[in-house]
Amino acid sequence: MDKEQLVDLLEETGRLLELKGENPFKVRAYLNAARALETWPGGLETAAREGTLAEIPGIGKAIAEKIAGVLASGEFPYHAALKAAFPATLFELFELQGLGAKKIRVLYEQLGVSGIEALEGVCADGRLAALPGFGAKTAANLVDAIAQRRSHAGRFLYEKAAVLAETLRAELREHPAVAQIAVAGSYRRHKEVIGDLDFVVATADPEAVSAFFIAHPLVEGVIASGATKSSVRLPGGLQADLRVVSNEAFPFALNYFTGSKEHNIGMRHRALQRGWTLNEYRLANTSGEPVPPIHEEKDLYRALGLDYIEPELRENLGEFAAAEAHTLPRLVELANLRGTFHNHTTASDGRNTLEEMAEAARELGLAYLGIADHSKSSFQAHGLDEKRLAGQGEAIRRLNAGYGAGFRLFAGVECDILPDGSLDFDDETLAGLDYVVASVHSVFNLSEAAMTARIIRAISNRQVTMLGHLTGRLLLSRKPYPVDIPAVIEAAAATGTIIELNCSAQRMELDWRWWPLAKEKGVRCSINPDAHSVTGLQRLAHGIGIARKGWLTRGEVVNCLPLEEIGAVLAAKRSRA
DNA sequence: GCCGTTTTCGGCCCGACTGTTTTCAGTCG
């Protein structure tokens, strides 16, 4: 039983308790425990053996015992007993907008509705509308929600959401009644996948702004529209919420709607400790000292005894303790980047030539660009053999001769890690390059132990400068292959291997949740766009957002180093004793 | 079920919107 499976079991237990009508705080305890486990970096087996599971914040004695039992036996009788009371298909109903545990329970008990198909039936024949607390409008909304779910997954890559977010932001900003505007929510926190967009606007004329918003040409449907909140559906099914507040309330609304929910609870808790109450409109004194004036978010954090916490860090993963102790990192910024590695050209599966890629990098103001086309085993990507690789190296040397001191191309390769952990080229070939990115592109179905050993063997090679996309995941479409990430991080630290933060929209890995551990172990990061075209280089901006989410500073990101220093870093592993 | 500068009991975030209701429950974020 791995951590991911256990997290799923705890989540499902929470849902089942909710369906059963249990104490909502007990429900929350299971959901909290699932989340606590998900983000906790330690090893489960070790904690269970040492009896320290209950020391994880959010996990107490009862759940710790259950987890230990699951790990020991592979069985979770508490969950199994709950699950036996409801059909498995009932869970799909939670995915419909407008349906929660209470209504699902009523539908199941009163009408025997056990899934979406059955729900469609009772919506159509009028039986749902006849239930107490339900009505014709509810039935119609559920029919819509079913259609919505069928046509859209409901989750969106950051890059896709960004286009709509920035378009709407720019147009709202132009509206004469809009004094301040921000896109808050998970977009502002720079999550890799976005569920919806949250616009927060300060205005003296809420009606005008709301009317403009719901009538915008990008809006395909209005879900809700009130005095302070509107919800609409954008192309592709992305939901966008607008909150309109006064100028005075703006910093509070911005903070509240940026979240995360867990971060908000921390903020509120700190306010309560001071005898204050915090909500999306104000910080008010109830039984403490007078509250200081607050004009922007920074003032709010200061009032609560905290350094300003950047939105990317607001996940309640240690930011409060660090902000209180003045030990928050100064996060890396796009302007810090000096170059990047892992880029493709027409030599393998890229769409632009070497010259075009170099020119695009120079236009972006980068001082260096690493070229890492695929190696020969990646047939599907037209990978380079030794001869073509040598030819590309020649071309790079010729181009470099013409660039002068301000720009340089580095000759590398994205070398396949073969199933046994050996590399696609011999050491002599690799040694002739400036650097090597090693990546897994095939045979994903190994056991976790075999995959971990495969990757560790590869990065133990002195010619491997950095490790590419560590788990092979494609967000929203392909699960990561099983691999022991802490073990790979340990090995990277021991061997002096850089780990890539691949900022292809679907990859965005090494995942931000692991970077604090990597950083603690002394592993350095390279933010790589995995660009297959000149526009692909633009993704560096999104990569920076994820790096910030991983608490990374410019000192930990090698491609923030100037051209004069980066060569030595690329060569460092080869010269290790 | 978790947690503790409110500390072993008694809280646990809370406001907006919708749809069904004549005062509120459910859902959502």
Side-chain angles (χ1 to χ4, degrees), chain A residues 10 13-14 17-18 21-36 53-67 78 93-107 128-142 144-145 154 184-187 189 194-200 206 210 214 222-232 239-245 249 252-253 255-282 284 286-288 305 316:
Chain A
L10 288 170
T13 304
L17 289 169
E18 203 180 5
E22 263 283 5
N23 175 358
F25 299 109
K26 186 169 171 177
V27 172
R28 191 187 300 170
Y30 276 90
L31 300 178
N32 282 345
R35 188 169 188 282
L53 282 169
E55 289 171 22
I56 303 171
I59 292 178
K61 189 159 167 282
I63 294 182
E65 273 175 17
K66 288 190 173 77
I67 294 174
Y78 184 65
L93 295 177
F94 279 102
E95 293 164 29
L96 298 176
Q97 178 135 31
L99 272 192
K102 299 260 174 63
K103 282 187 176 164
I104 292 174
R105 188 176 171 208
V106 170
L107 288 169
L128 181 137
L131 283 176
F134 291 74
K137 195 71 206 290
T138 306
N141 286 345
L142 287 173
D144 283 350
S186 55
Y187 181 75
R189 301 202 314 280
I194 305 292
D196 64 6
L197 294 175
D198 297 281
F199 293 90
V200 182
S210 299
I214 64 173
V222 178
I223 299 164
S225 150
T228 64
K229 181 193 165 183
S230 308
S231 291
V232 300
Q239 184 178 325
D241 295 341
L242 170 74
R243 310 281 177 154
V244 284
V245 297
F252 303 102
N255 189 253
Y256 183 89
F257 292 113
T258 296
S260 65
K261 193 182 284 189
E262 291 75 16
H263 180 87
N264 288 354
I265 289 170
M267 293 290 280
R268 216 177 281 265
H269 180 66
R270 294 185 69 90
L272 289 172
Q273 283 178 330
R274 286 162 175 74
W276 300 336
T277 174
L278 173 66
N279 61 27
E280 60 264 54
Y281 301 110
R282 66 190 64 85
T286 50
S287 62
N316 195 23

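The analysis underlying the following values was restricted to heavy atoms, covering all of them including side chains, and did not include hydrogens, waters or symmetry mates. Residue numbers start from 1 in every chain, and the chains themselves are labelled A, B, ... in the order their sequence lines are given, proteins ahead of strands. Please read all numbers here as calculations on a predicted model, not as lab measurements.
- One atom, CZ of A/Phe25, and another, C1' of B/dC14, lie 11 Å apart when rounded to the nearest Å.
- Using Watson-Crick or G-U wobble geometry with both donor-acceptor distances under 3.5 Å, B/dC9 finds its partner in B/dG4.
- When all heavy atoms of A/Ser210 and A/Ala227 are compared, the closest pair comes out as OG-O, 4.5 Å.
- Residue A/Ala227 is classed as a sugar-phosphate contact, given heavy-atom separations below 4.0 Å to backbone atoms only.
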Summary of protein contacts for nucleotides 23-29 of chain B, nucleotide by nucleotide, where a base hit scores B, a sugar-phosphate-only hit scores S (4.0 Å, heavy atoms): ---SSSB
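- Picking from B/dT20, B/dC14, B/dC2 the nucleotide with the shortest atom distance to the side chain of A/Arg268 gives B/dC14.
- Across the protein-nucleic acid pair, A/Asn32 atom CG and B/dC12 atom P stand 15 Å apart, rounded to whole Å.
- Between B/dA16 and B/dG11, the two C1' atoms lie 24 Å apart (nearest whole Å).
- Side-chain N/O atoms of A/Tyr281 include none lying less than 4.0 angstrom from OP1 or OP2 on B/dC13.
- Comment: A/Glu280 does not engage A/Arg243 in a salt bridge, judged by the lack of any side-chain N to carboxylate O separation of less than 4.0 angstrom.
- Residue A/Glu22 contributes atom CD, which lies 13 Å from atom P of B/dC2 at whole-angstrom precision.
- As rounded to whole Å, 11 Å separates atom C1' of B/dC2 from atom CD1 of A/Ile59.
- Heavy atoms only, all atoms of each residue included: A/Glu22 and A/Val27 are closest at O-CG2, 4.2 Å.
- Both A/Pro57 and A/Ala139 lie near DNA chain B, and the one whose nearest nucleotide falls closer to the 5' end is A/Pro57.
- A gap of 14 Å separates the C1' atoms of B/dT8 and B/dG1, to the nearest Å.
- If you measure from atom CD of A/Gln273 to atom P of B/dT6, you get 7 Å, rounded to the nearest angstrom.
- Side chains of A/Phe252 and A/Leu278 form a contact here, defined as non-hydrogen atoms less than 4.5 Å apart.
- For the P atom pair drawn from B/dC9 and B/dC14, the interatomic distance equals 24 Å after rounding to whole Å.
- Taking the C1' atoms as reference points, B/dT27 lies 16 Å from B/dC13, given to the whole Å.
- Contact detail for A/Ala129 and A/Ala136: the closest heavy-atom pair is CB-N, 3.8 Å.
- Every residue two or more places apart in sequence or in another chain was checked for a ring-ring contact (aromatic ring centres under 6.0 Å, His included) with A/Tyr256, and none qualifies.
- The same atom, P, is picked in B/dT6 and in B/dT21; the two are 45 Å apart, to the nearest Å.
- The backbone N or O of A/Val244 lies less than 3.5 Å from no partner atom in the side chain of A/Thr228, so there is not a single donor-acceptor pair.
- Atom CD1 of A/Ile265 and atom P of B/dC3 are 13 Å apart (whole Å).
- When heavy atoms are screened at a 4.0 angstrom cut-off, A/Gly185 is found touching no nucleic acid atom at all.
- Taking atom P on both B/dA25 and B/dT20, the two are 16 Å apart, rounded to the nearest angstrom.
- Of all non-hydrogen atoms in A/Ser260 and A/Asn316, the two that sit nearest each other are OG-N, 4.5 Å.
- OP1 or OP2 of B/dC17 has not a single side-chain nitrogen or oxygen of A/Ser231 nearer than 4.0 Å.
- Atom CG in A/Leu128 sits about 14 Å away from atom P in B/dG19, given to the nearest Å.
- Mapped onto DNA chain B by nearest heavy atom, A/Asn264 and A/Gly60 fall at different nucleotides, with A/Gly60 at the one closer to the 5' end.
- For A/Asn279, no side-chain nitrogen or oxygen approaches OP1 or OP2 of B/dC13 to under 4.0 Å.
- Nucleotide B/dA16 holds its C1' atom 15 Å from the CD1 atom of A/Ile223, rounded to whole Å.
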